Asks: 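Take a look at this one; I'll ask things after.
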Amino acid sequence: MTATPLSTPPLTGATQPHLQLIWTDPVTGRRGFVVIDRLIRGVASGGLRMREGCTLEEVRGLAAGMTRKEALHYDPDNRYIPLGGAKGGIDCSPHDPRAREILSRFLEAMRCVLEHHWTTGEDLGLRQDTIDEVITEVGLASSIQAIYPLLDDDAQARQRLADAFAIDVDGVALPELVGGLGVAESALTALDVIGLPRGSARAVVQGFGSMGGATARYLAQAGVTVVAVADAHGVITNPDGLDVEHLLRTRDPLGGIDRTRLRPGDREADGDTWLDIPCDILVPAAVSYCIDAVNQTRIDTRIIAEAANMPTLPEAEAALHARGVQVIPDFVANSATNAWWWWTLFGDIGADAAQADRKVRESMRRITTDMLTNARQFGITPRDAALGVVGNKIAAIDARFGTGGVAAGPVPGGGTHATAL
């Protein structure tokens with residue numbers, strides 16, 4: 001496969017977001033945030049997370065990452081034209097008994113942005129079905145209704161996406177698989193680039209929810225030996241390889257594994273020991289900021305595929321790169337879920353598992369190959385190489401559609417103030 005070269009060595013300087021909104025819940029004082037990093041054709045895309053301690057800075061970084069995920073999949077031959085990047089966050093535990101009412105007030109406050117400029121969906125701490133229920137309760141049509149004016153036939157497109165969401169693949173809903181398929185394909189491509197046979201590779205996966213579980217499944221199906229997985233309760237290891245399919249059948253809705261159903265040879269370990277297990281592929285698929293400058297010294301791996309958003313701090317990534325570890329950045333590795341939504345909605349693929357599988361694999365293999373080839377060519381990190389590809393694609397999108405964003409409209413809801421940058 002021939003990589004798409006960078007036109008120039010990549011420029012990686014950050015830009016200011018187009019708009020950021022800070023909301024204070026009038027009942028509990030909890031804060032929420034929406035950051036629109038960039039608008040394309042007036043619309044930006046990015047999920048909504050809910051977690052204790054969520055900050056504006058965190059949401060700003062995630063929104064910039066969404067701009068990169070969107071641009072990365074630009075293909076002028078596709079019906080899907082990438083959107084700008086955005087993100088939402090609420091500083092509240094999803095387990096708080098008031099979480100749902102806080103979510104409702106937040107979405108009501110963000111009504112005009114959701115109606116016209118921000119398409120959103122599930123992220124850390126929130127499920128899509130919960131968002132959909134609350135969206136309906138506050139009188140909005142959909143969490144992605146801002147994109148409807150860009151569709152040729154929005155009713156037909158919405159039905160196609162609904163049909164795709166209803167597809168079951170070996171007992172798991174298709175939308176819960178495509179993200180992990182993308183992560184696995186990106187990691188497998190990296191194995192091929194460094195010349196390590198898949199059947200000789202060993203993997204450790206931190207997080208066993210929809211993203212981590214699907215990644216483990218597709219790695220195992222490709223012949224990789226998954227020697228450890230971590231969930232909220234600790235780590236399960238087996239040097240001879242875990243039976244991933246069996247573990248998936250014991251998983252609860254939050255990704256917890258039933259310890260009473262472990263098989264002979266499976267062992268339990270403390271929660272952070274996933275960092276210490278030698279492997280060829282390490283997949284952080286649970287939380288942000290979990291690999292830092294101190295604990296990165298414990299890692300012995302060849303490839304880190306960032307299934308979670310922002311799991312590796314910059315100082316840690318620099319140190320890992322200096323040690324020869326290939327870090328596949330989050331906006332590359334975990335971009336398939338977002339792309340699959342839009343490929344399906346715009347009609348580049350149908351509501352079909354085989355089409356989704358083929359499109360995800362082809363796209364992730366091409367993107368990862370381009371990134372790693374350019375990294376080697378320019379002597380830079382995979383992240384900087386991917387940012388260079390993103391820069392080229394944003395320039396192509398701007399040349400086609402113009403660089404002007406559309407103002408995000410009046411400030412929504414009480415208790416909110418906006419900063420336009």
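The structure presented is a predicted model; accordingly, all values stated were derived computationally and were not measured.
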Asks: Determine, stepwise, if the pair V327 / H321 fulfils side chain to side chain contact (heavy atoms under 4.5 Å, CB included).
Replies: CA-CA 7 Å; V327 180; H321 179 71; 6.0 Å; no

Asks: Indicate yes or no for a side-chain donor-acceptor contact from T337 to the backbone of G179 under 3.5 Å, with no hydrogens or angles considered.
Replies: yes

Asks: Would you name the heavy atoms of Q20 and L56 that are closest together and state the gap between them?
Replies: NE2-CD2, 3.9 Å

Asks: Are R30 and E52 ion-paired here, with the side-chain N under 4.0 Å from a carboxylate O?
Replies: yes

Asks: Could you pull out all donor-acceptor pairs under 3.5 Å where a side-chain atom in residues 203-211 meets a protein atom, sequence neighbours excluded?
Replies:
none

Asks: Are any non-hydrogen side-chain atoms of R51 and S288 less than 4.5 angstrom apart?
Replies: no

Asks: Determine yes or no for a side-chain-to-main-chain donor-acceptor pair under 3.5 angstrom, with S104 supplying the side chain and V134 the backbone.
Replies: no

Asks: Provide the closest heavy-atom pair for G47 versus W118 in the form atom of the first, atom of the second, distance.
Replies: O-CZ2, 4.2 Å

Asks: What verdict does the salt bridge (charged side-chain N to carboxylate O under 4.0 Å, His left out) test give for R105 and D25, after you've listed the backbone C-alpha separation in whole Å, the side-chain angles of each residue and the deciding distance to 0.1 Å?
Replies: CA-CA 7 Å; R105 289 190 289 270; D25 181 26; 2.6 Å; yes

Asks: Side chains of N338 and E70: donor-acceptor distance under 3.5 Å anywhere?
Replies: yes

Asks: State, to 0.1 Å, how close V178 and A356 come at their nearest heavy-atom pair, and which atoms those are.
Replies: CG1-CB, 4.4 Å

Asks: Can you tell if the side chain of H18 reaches within under 4.5 Å of the side chain of H117, non-hydrogen atoms only?
Replies: no

Asks: Quick check for you: to the nearest 0.5 Å, what is the distance between R49 atom CZ and F33 atom CZ?
Replies: 12.5 Å

Asks: After noting the C-alpha distance and the side-chain angles of D398 and R38, does the key distance pass the salt bridge (charged side-chain N to carboxylate O under 4.0 Å, His left out) rule?
Replies: CA-CA 12 Å; D398 286 347; R38 178 182 175 84; 2.3 Å; yes

Asks: Check whether any side-chain heavy atom of K69 lies under 4.5 Å from a side-chain heavy atom of N309, and answer yes or no.
Replies: yes

Asks: For the OG1 atom of T130 and the CD atom of Q128, what is their distance to the nearest 0.5 Å?
Replies: 9.0 Å

Asks: Rounded to the nearest 0.5 Å, what separates atom CG in N238 from atom CG in D243?
Replies: 9.5 Å

Asks: Output yes when D152 and R79 qualify as a salt bridge under the 4.0 Å nitrogen-oxygen rule, no when they do not.
Replies: no

Asks: Please give me the minimum heavy-atom distance between L83 and S45, naming the atom from each residue.
Replies: CD1-CB, 3.6 Å

Asks: In chain order, what residues pass the side-chain contact (heavy atoms from CB on, under 4.5 Å) check against D280, with sequence neighbours excluded?
Replies: L196, A201, R202, R302

Asks: Please assess E108 against R111 for the test salt bridge (charged side-chain N to carboxylate O under 4.0 Å, His left out), listing each intermediate value before the final yes or no.
Replies: CA-CA 5 Å; E108 175 62 39; R111 172 183 290 272; 3.0 Å; yes

Asks: Decide if atom CG of D129 counts as having more than 12 heavy atoms of other residues, nucleotides or ligands within a radius under 6.0 Å.
Replies: yes

Asks: Apply the side chain to side chain contact (heavy atoms under 4.5 Å, CB included) test between T215 and each candidate in V226, V183, V229; give the one that qualifies.
Replies: V183

Asks: Evaluate side chain to side chain contact (heavy atoms under 4.5 Å, CB included) for V224 paired with L191, printing each intermediate quantity in order.
Replies: CA-CA 10 Å; V224 175; L191 282 181; 4.2 Å; yes

Asks: Once side chain to side chain donor-acceptor pair (under 3.5 Å) is applied, do any residues pair with E115, and if so which ones, sequence neighbours excluded?
Replies: none

Asks: Closest heavy-atom contact between L188 and A222?
Replies: CD1-CB, 3.7 Å

Asks: Test R60 against D37 for salt bridge (charged side-chain N to carboxylate O under 4.0 Å, His left out), laying out the working first.
Replies: CA-CA 7 Å; R60 188 186 299 125; D37 182 69; over 6 Å; no

Asks: Is the closest basic N to carboxylate O distance between D132 and R127 below 4.0 Å?
Replies: no

Asks: Checking the side chain of D231 only, and the main-chain atoms of G234 only, is there a donor and an acceptor separated by less than 3.5 Å?
Replies: yes

Asks: May I ask you to test the I328-T189 pair for a side-chain heavy-atom distance under 4.5 Å?
Replies: no

Asks: Give the C-alpha distance, both sets of side-chain angles, the deciding distance and a yes or no for side chain to side chain contact (heavy atoms under 4.5 Å, CB included) between I367 and H73.
Replies: CA-CA 8 Å; I367 288 167; H73 286 276; 3.4 Å; yes

Asks: Atom OG1 in T301, atom CD in Q296: separation rounded to 0.5 Å?
Replies: 12.5 Å

Asks: Under 3.5 Å, is there a donor-acceptor pair between the R400 and Y74 side chains?
Replies: yes

Asks: Give the intermediate values and the outcome of side chain to side chain contact (heavy atoms under 4.5 Å, CB included) for residues I394 and T67.
Replies: CA-CA 9 Å; I394 286 177; T67 289; 4.0 Å; yes

Asks: For residues E58 and M310, determine if any side-chain heavy atom of one lies less than 4.5 Å from a side-chain heavy atom of the other.
Replies: yes

Asks: Less than 4.5 Å apart, side chain to side chain, heavy atoms only: is that true for Y80 and D75?
Replies: no

Asks: Which pairs pass salt bridge (Lys or Arg N to Asp or Glu O under 4.0 Å) with one or both residues in residues 207-229, sequence neighbours excluded?
Replies: R217-E245

Asks: Any side-chain heavy atom of N78 within less than 4.5 Å of one from W342?
Replies: no

Asks: Between R68 and L387, is there a donor-acceptor pair closer than 3.5 Å when you use the side chain of the first and the backbone of the second?
Replies: no

Asks: If I take atom CG from residue L275 and atom SG from residue C290, how far apart are they, to the nearest 0.5 angstrom?
Replies: 7.0 Å

Asks: Taking side chain as C-beta onward, heavy atoms only, is L48 less than 4.5 Å from L103?
Replies: yes

Asks: What pairs of donor and acceptor atoms, side-chain ones from residues 162-169 against any protein atom, are under 3.5 angstrom apart with sequence neighbours left out?
Replies:
from	atom 1	to	atom 2	distance (Å)
D163	OD1	Q159	NE2	2.8
D168	OD1	G171	N	2.8

Asks: Checking Y148 now: which residues fulfil side chain to side chain donor-acceptor pair (under 3.5 Å) with it, not counting sequence neighbours?
Replies: S142, R158

Asks: Minimum heavy-atom separation for G89 and C54, please, with both atom names.
Replies: CA-SG, 3.8 Å

Asks: Going from CD1 on I304 to OG1 on T312, what distance comes out if it is rounded to the nearest 0.5 angstrom?
Replies: 5.5 Å

